[in-house]
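Model, not experiment: these values are computed from the prediction. To find a chain, count down the sequence lines: A is the first, B the second, and so on, and within it residues start at 1.
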Amino acid sequence: MKIDKQVDPDDSQAPVSPLVFRLDSHSGVPTYLQLVQQVEQALRLGYLRRGDQLPRVKDVVASLAINPNTVLKAYRELEHKGLAAGRPGQGTFVQAAPRAVDAEELAALRGSLVSGWLAEAAAAGLDDEAITALFQSALRDFRERRDTPGRPRGRGERRGRREAVA
Amino acid sequence: MNVIETSGLGKRYHRTWGLRDCTLSIPAGHIVALVGPNGAGKTTLLHCSVGLATPTTGRVSVLGRLAAGSLDALERVAFVAQDAPLHSHLSVAAMLDLSRDLNRRFDLCHAERRLRSLAIPLHRKVGKLSGGQHAQLALALALARHPDLLVLDEPLARLDPLARHDFLAHVMTAVAEEALSVVFSSHVISELERVADYLVVLSAGRVQMAGAIDELLARHRLLSGPAEQAGRIGELFPVVQAQNAGRRAELLVRAAGPAGPPSGWQASGVTLEELVLAYLRDPSVSALPGPSALPGPAAPPALPASTHHEVTP
Amino acid sequence: MTALTATATPAGRRHPVPWRSMARATWRQQRAALITLLAVSAALALAIVAGELAIRALYARYAAGCLVPQPTDPNCGAIANTFAASTNGFTALVIALHVLPVVIGVFIGAPLISRELESGTFRFTWTQEIGRTRYVLTTVTLLAVAVAAVTCALGALLGWYAHPFDVVGDESRWQAGLFDTTALTLPAWTLFALATGTLLGTLTGRIVTAMATTAATAGGFLVAAFWTLDRHLLSLGALPARASAAVGVFVGPLNTNAGRGFGPAGSWLVRGWITGPGGRELSAAMAGAVQNRMYAAMTRAGKKAADPAAWLSAHHYALWLSYQPAGRFWYFQAIAAAVLVALAIVFALTAVWLIRRRG
């Protein structure tokens with residue numbers, strides 16, 4: 001059977017965005033947040049640069065089969081963070097990259113971590129896995145509190161907290 | 001504008017009531033999931049909305065004030081019934097032509113383009129299409145009418161995962177392009193959250209819960225704490241579901257506002273699936289949208305019927 | 001979201017019936033049945049024409065020399081016998097045309113609604129823009145026009161073929177076989193069967209049940225008409241007339257065409273009776289007794305002297321018959337057709353009403 005797939009004539013002139021979204025339905029992270037995080041990660045790694053167009057809502061929705069409002073919500077969040085800007089009739093474009101941290105600051109942070117918190121945790125008797133778990137859950141809480149004040153946490157995060165308490 | 005508005009809608013088939021006391025105001029611009037177990041009345045509600053069934057009691061109107069099933073409503077509402085019935089002896093092209101002849105507003109080019117991009121051959125008989133192709137054809141025919149409201153009755157029930165994905169992608173693309181409202185029924189809850197932003201839960205012919213998903217999730221908490229204090233929690237919040245595991249109790253409660261949990265208790269959010277399952281397990285519990293419908297702290301879990309209220313558009 | 005168009009025009013004018021689109025839609029859905037109908041009708045038409053051509057020369061001779069009271073052609077009797085012998089093909093065609101309305105009712109009428117109900121496609125068709133009422137009404141109307149046109153043509157053709165037989169006296173247009181298959185009554189029966197099928201299809205919701213009940217109902221009604229109903233119709237308002245006993249003494253229900261000098265030419269004879277000396281009609285038993293006496297007397301007198309007319313008048317008996325004059329034929333055709341079409345309309349509208357109420 002010969003399959004004859006023709007390209008939609010509407011799409012023939014559209015530029016292809018360098019970013020392709022993926023979705024993890026079981027991570028517990030809301031869909032729109034996953035999209036936001038993927039854009040931020042792409043910016044951090046240099047896949048997306050200033051002026052690049054974010055995937056069109058229509059294309060995201062066609063490949064992921066998610067609610068268009070979710071994509072719009074993600075793009076609005078990115079605009080709110082100053083990372084993207086919408087141009088009416090054209091799409092959403094990357095505006096700025098997240099602030100890069102310089103090497104000296106990185107070294108200072110590393111030092112304070114090793115001699116400070118890590119030393120204390122080791123002295124308290126935590127092994128490597130416990131340290132990693134504690135750190136990840138604390139990081140999640142920190143991000144949560146900073147991004148959405150007052151919003152209750154979901155199941156995945158709850159599990160992390162309980163481990164930390166135990 | 002409300003895409004579907006019902007008031008005391010009831011439908012009786014011989015002796016049994018398929019639907020009872022159904023009062024809904026579903027706003028436009030949403031993708032609405034209608035969930036409930038088999039026999040809950042989902043198909044009955046959808047059929048009343050598109051004019052295939054006449055209500056025994058109450059009223060139903062669509063797209064503002066249009067009577068369901070009237071010629072004005074038929075113009076702007078497209079429906080795909082369960083199992084997407086189409087004339088199996090006609091070819092795909094003949095089916096397109098037939099739809100064009102039965103509708104004044106029919107975009108034949110749009111439908112052909114969509115079918116071509118899905119590699120559905122125009123000369124094959126409809127009866128020889130695969131399940132996924134059949135469903136896509138029915139959807140293409142409905143969307144070619146450029147409706148304001150698309151109603152789908154269990155569209156994913158017989159489809160394999162790839163066909164399900166393609167079907168939903170097709171619907172979502174149409175929503176992205178045209179800003180149409182979609183109401184679809186499903187008895188599978190796990191895939192809803194990606195797709196729907198408004199939820200109606202039906203059980204045993206009655207509406208248990210209806211509202212925007214974000215709001216519904218924000219207004220419920222999962223509280224976990226010492227089992228002996230569970231009663232106190234029950235006095236503070238309406239409890240939807242209580243689970244005791246030895247010393248600890250987990251209560252799913254309705255609570256509005258950002259206030260933290262009582263001391264000794266931990267609060268976390270619920271997933272959509274947990275929420276729907278909790279309501280379905282106890283058909284006597286119900287929650288309806290609107291601040292005046294939210295019960296006070298001393299209200300028992302089951303809402304009395306008098307708290308139903310109509311949202312006037 | 002498109003704004004609600006609030007216009008003052010009534011729903012009827014804003015939603016005119018799209019006849020051309022519906023014609024295409026009906027053709028698309030009924031194509032197989034309609035093509036078969038056309039093929040069958042063409043075959044029947046050809047058979048009729050062939051049959052007519054076969055007897056054309058013969059009838060020309062008969063018409064030339066045998067229609068006057070003093071026939072000029074000595075072979076008139078032989079020609080008439082030849083006609084009588086060649087009625088087999090004719091009868092077969094008459095039977096075929098009797099069956100045709102029932103077949104149309106069963107294969108076009110019965111599945112019309114029931115197929116959609118049984119397969120569930122009504123959930124698609126009745127939610128399209130056109131709406132179920134206009135959809136069903138236009139479909140039924142278009143099909144009615146199509147089948148009526150085809151069967152009217154066939155009925156006219158058969159009438160043209162049957163005319164020689166009627167004149168020669170073998171088959172009469174008054175007889176049930178031909179009475180129900182003219183250019184008026186054949187389409188009327190077809191519409192009746194179509195509407196019966198449509199209604200039964202709507203009531204049963206299953207194709208096979210609808211086909212079976214339609215065959216029984218329409219077929220049954222047609223058979224009833226053939227055996228008794230037509231006769232009862234034709235007995236209404238029959239005119240009395242004196243009959244000549246020279247041909248024979250016929251008493252009781254006749255239900256036959258006039259011929260061989262008995263009864264007015266071209267008329268339909270309903271019944272015969274004998275009146276007594278006082279002019280009053282004799283009961284069947286008494287008439288029978290009179291006939292027995294007459295036959296006994298004629299047997300005694302011998303074959304050559306047998307003259308029933310003379311015997312009857314000698315004993316002050318008179319032979320009467322009631323008849324429908326030839327000129328009334330098309331009136332009765334119109335009545336029969338009107339009854340059938342009225343029933344068809346009632347059935348069809350009932351089906352539409354049921355469809356509107358459904359759900």
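The number of heavy-atom neighbours closer than 6.0 Å to CZ of B:Arg232, taken from other residues, nucleotides and ligands shown, is above 12. For A:Asp127, the CG atom counts as densely surrounded, since its 6.0 Å shell holds more than 12 non-hydrogen atoms of other residues, nucleotides or ligands. The environment of CD in A:Gln90 is crowded: more than 12 heavy-atom neighbours from other residues, nucleotides or ligands sit within 6.0 Å. Around CZ of A:Phe93, the count of heavy atoms belonging to other residues, nucleotides or ligands within 6.0 Å exceeds 12.
Looking at B:Ala174, neither its backbone nor its side chain comes within 4.5 Å of chain A, counting heavy atoms on both sides. For chain B, the nearby part of A:Leu23 is the side chain; its heavy atoms alone come within less than 4.5 Å.
Proximity to chain A among residues 158-169 of chain B is limited to B:His165, B:Leu168, B:Ala169, judged by heavy-atom separations below 4.5 angstrom.
Residues B:Thr173 and A:Pro68 have side chains not in contact (no heavy-atom distance under 4.5 Å, counting atoms from C-beta outward). In this structure, B:Asp214 and A:Lys73 have side chains that are in contact, with non-hydrogen atoms separated by less than 4.5 Å.
For the atom pair B:Met172 CE and A:Ile66 CD1, the distance stands at 9.5 Å (nearest 0.5 Å). We find the CG-CG distance between A:Asn67 and B:Leu192 to be 11.5 Å, quoted to the nearest 0.5 Å.
For B:His110, the ring-ring contact (aromatic ring centres under 6.0 Å, His included) partners are B:His146, not counting sequence neighbours. For B:Glu154, the salt bridge (charged side-chain N to carboxylate O under 4.0 Å, His left out) test picks out B:Lys42, with sequence neighbours left out. Applying the side chain to side chain donor-acceptor pair (under 3.5 Å) rule to B:His30 yields the partners B:Asp197; only residues at least two apart in sequence or on another chain are considered.
Closest heavy-atom contact between A:Lys58 and B:Ala176: CA-CB, 4.3 Å.
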